[in-house]
**Student:** 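Below is a structure I'd like to ask you about.
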Amino acid sequence: MSVHSSASVKRITTHTLQEMKHRGEKISMLTAYDYSMAKIVDAAGMDIILVGDSASNVMAGHETTLPITLDQMIYHASAVVRAVKRSFIVVDIPFGSYQGNSSEALRSAIRIMKESGAHAVKVEGGSEIKESVVRILSAGVPVMGHLGLTPQSIYKFGTYTVRAKEEAEANKLVEDAKMLEACGCFAIVLEKIPATLAKKVSEAVNIPVIGIGAGPDVDGQVLVMHDMLGITQEFKPRFLRQYADLQSVMMTAFESYIKDVKSKDFPSPSESY
Ligand SMILES: Nc1nc(=O)c2c([nH]1)NC[C@@H]1CN(c3ccc(C(=O)N[C@@H](CCC(=O)O)C(=O)O)cc3)CN21
Ligand SMILES: CC(C)C(=O)C(=O)O
Ligand SMILES: [Mg+2]
């Protein structure tokens, strides 16, 4: 039986991820928003698939993650769930569906779990959202935290610059990470903070810490799929490593197709009935 047949595939769980941290095996995490792409990411052996609210940018063309709705996140998440056999699937709870109201936070988390079949949710922030985190965890839903650059509060900061360079902000971040661990979160994402601070956080908590622009001394790395594939055009922050130039591959394919249609080369007799 092939390792990719459903019967023999061993699912990644929160427990697997915890063990990986303790073994020192780095955790791989990538976003996916649809069935076809998630199927490839899962088959490649990704540990965690994040149905990120970056879908707002990458899928819908919005400037920020704020406009995407809970219904839209559930639509993306259900498509990903249908494709995946092994990866652990985490879904961002979108802006406005959990902040400042723990009952709504619980309702949103339960809708995601029930309607998409995903395995966990992710929320941005520390002490400000503690009640929501506790409430979601009380229902048995695994929660991933997200500290540092938190794009859902971009208008509070005004820029996407590196976070927690000042000592006060760095101290709060460490305290928030400890708080999230104490509440029972199974992992934390750290976005765009100094590598030294990320290392300190990873050592201060026992749960896996996944970085994006947080240096090498964390327990895993996450990137946005379309950025690392070179489909995204303008977005080239320092933390991004581009693993392919799909933009030019796709452009060539589209141009060839147009040419073949115009020249009547396509379809040929063998492509016709
Ligand atoms: N395509 C995409 N990739 C992402 O990584 C991503 C999204 N969208 N949307 C949601 C958040 C927003 N994120 C961001 C956004 C901007 C920077 C950033 O570094 N921007 C500028 C620098 C801005 C500044 O220094 O003021 C850059 O260098 O591109 C990083 C992460 C990460 N997430
Ligand atoms: C960048 C990652 C961590 C994320 O939250 C997203 O893709 O929405
Ligand atoms: Mg996000």
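Any value given below was found using the heavy atoms of this structure, including those in side chains, with hydrogens, waters and symmetry copies removed. All ligand and atom numbering here is 1-based and tracks the order in the structure.
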**Student:** How about CZ on Phe157, more than 12 heavy atoms from neighbouring residues, nucleotides or ligands closer than 6.0 Å, or not?
**Tutor:** yes

**Student:** Taking only heavy atoms of Thr31 into account, list the atoms of ligand 2 that are under 4.0 Å away from them.
**Tutor:** 7 (O)

**Student:** Please compare Ser54, Ala32, Gly52, Pro151 and report which has the shortest non-hydrogen distance to atom 7 (O) of ligand 2.
**Tutor:** Ser54

**Student:** Starting from atom 1 (C) of ligand 2, which protein heavy atom do you reach first, and at what distance in Å?
**Tutor:** Ile212 CD1, 3.8 Å

**Student:** Return the closest protein heavy atom for atom 10 (C) of ligand 1 as residue, atom name and distance.
**Tutor:** Thr65 CG2, 3.4 Å

**Student:** Which of the numbered atoms in ligand 2 are below 4.0 angstrom from a heavy atom of Lys122?
**Tutor:** 4 (C), 5 (O)

**Student:** Give the numbers and elements of all ligand 2 atoms closer than 4.0 Å to a heavy atom of Asp92.
**Tutor:** 4 (C), 5 (O), 6 (C), 8 (O)

**Student:** Give the residue, atom name and distance (to 0.1 Å) of the protein heavy atom nearest atom 4 (C) of ligand 1.
**Tutor:** Val224 CG2, 3.3 Å

**Student:** Identify the closest protein heavy atom to atom 28 (O) of ligand 1: which residue and atom is it, and at what distance?
**Tutor:** Pro237 CA, 3.6 Å

**Student:** I'd like to know if the side chain of Thr31 pairs up with that of Tyr33 as donor and acceptor (distance under 3.5 Å, no hydrogens or angles considered).
**Tutor:** yes

**Student:** Atom NZ of residue position Lys130 - does it have more than 12 heavy atoms of other residues, nucleotides or ligands inside 6.0 Å?
**Tutor:** no

**Student:** Strictly by modelled atom types, are Gln72 and His76 linked by a side-chain donor-acceptor pair under 3.5 Å?
**Tutor:** no

**Student:** Leaving waters out, which protein N, O or S atoms fall under 2.8 Å from the Mg ion (ligand 3)?
**Tutor:** Asp53 OD1, Asp92 OD2

**Student:** Measure the distance from atom 7 (C) of ligand 1 to every protein heavy atom, then report the residue, atom name and distance (to 0.1 Å) of the closest one.
**Tutor:** Ser54 CB, 3.7 Å

**Student:** I'd like to know if the side chain of Glu271 pairs up with that of Ser268 as donor and acceptor (distance under 3.5 Å, no hydrogens or angles considered).
**Tutor:** yes

**Student:** Strictly under 4.0 Å, does any heavy atom of Met29 approach an atom of ligand 2?
**Tutor:** no

**Student:** Going from CD1 on Ile212 to CZ on Phe239, what distance comes out if it is rounded to the nearest 0.5 angstrom?
**Tutor:** 4.0 Å

**Student:** For a quick test of your reading: what N or O donor-acceptor pairs under 3.5 Å do the side chains of residues 185-193 make, sequence neighbours left out?
**Tutor:**
{"residue": "Glu191", "atom": "OE1", "partner": "His146", "partner atom": "NE2", "Å": "2.9"}
{"residue": "Lys192", "atom": "NZ", "partner": "Tyr160", "partner atom": "O", "Å": "2.8"}

**Student:** Kindly check if the number of other-residue, nucleotide or ligand heavy atoms within 6.0 Å of NZ (Lys26) is above 12?
**Tutor:** yes

**Student:** How far is atom 9 (N) of ligand 1 from its nearest protein heavy atom, and which residue and atom is that?
**Tutor:** Asn57 OD1, 2.9 Å

**Student:** Heavy-atom distances under 4.0 Å decide this one: backbone, side chain, both or neither, for Pro151 against ligand 1?
**Tutor:** side chain

**Student:** Do Gln242 and Met228 have side chains that approach each other closer than 4.5 Å (heavy atoms only, starting at C-beta)?
**Tutor:** no

**Student:** Relative to the heavy atoms of Val224, which atoms of ligand 2 are at a distance of less than 4.0 Å?
**Tutor:** 7 (O)

**Student:** Any idea which of Lys236, Lys192, Glu191, Arg238 brings a heavy atom closest to atom 31 (C) of ligand 1?
**Tutor:** Glu191

**Student:** More than 12 foreign heavy atoms under 6.0 Å from NZ of Lys236: is that the case here?
**Tutor:** yes

**Student:** Who pairs with Glu175 by salt bridge (charged side-chain N to carboxylate O under 4.0 Å, His left out), at least two apart in sequence or on another chain?
**Tutor:** Lys178

**Student:** Which protein non-hydrogen atom lies closest to atom 20 (N) of ligand 1, naming both residue and atom, and how far is it?
**Tutor:** Tyr160 CB, 3.8 Å

**Student:** Give the numbers and elements of all ligand 2 atoms closer than 4.0 Å to a heavy atom of Leu50.
**Tutor:** 2 (C), 3 (C), 4 (C), 5 (O), 6 (C), 7 (O)

**Student:** With heavy-atom distances below 4.0 Å as the criterion, list the atoms of ligand 1 near Thr161.
**Tutor:** 24 (C), 25 (O), 26 (O)

**Student:** Spell out, as yes or no, whether a donor-acceptor pair under 3.5 Å connects the side chain of Asp47 to the backbone of Met29.
**Tutor:** no

**Student:** Not counting sequence neighbours, list each pair that qualifies as a side chain to side chain donor-acceptor pair (under 3.5 Å) and has a residue in residues 91-100.
**Tutor:** Asp92-Lys122, Tyr98-Gln152, Gln99-Gln152

**Student:** Among protein heavy atoms, which sits nearest to atom 30 (C) of ligand 1, and what does the distance come to when rounded to 0.1 Å?
**Tutor:** Phe239 CE2, 3.5 Å

**Student:** Answer with side chain, backbone, both or neither: which part of Asp53 has a heavy atom less than 4.0 angstrom from an atom of ligand 2?
**Tutor:** both

**Student:** Quick one: nearest non-hydrogen protein atom to atom 1 (N) of ligand 1, plus distance?
**Tutor:** Asp227 OD1, 3.0 Å

**Student:** Spell out, as yes or no, whether a donor-acceptor pair under 3.5 Å connects the side chain of Asp42 to the backbone of Arg86.
**Tutor:** yes

**Student:** Kindly confirm or rule out an N or O of Thr159 lying under 3.5 angstrom from an N or O of ligand 1.
**Tutor:** no

**Student:** Can you check whether Pro94's main-chain N or O pairs, donor with acceptor, with Asp53's side chain at less than 3.5 Å?
**Tutor:** no

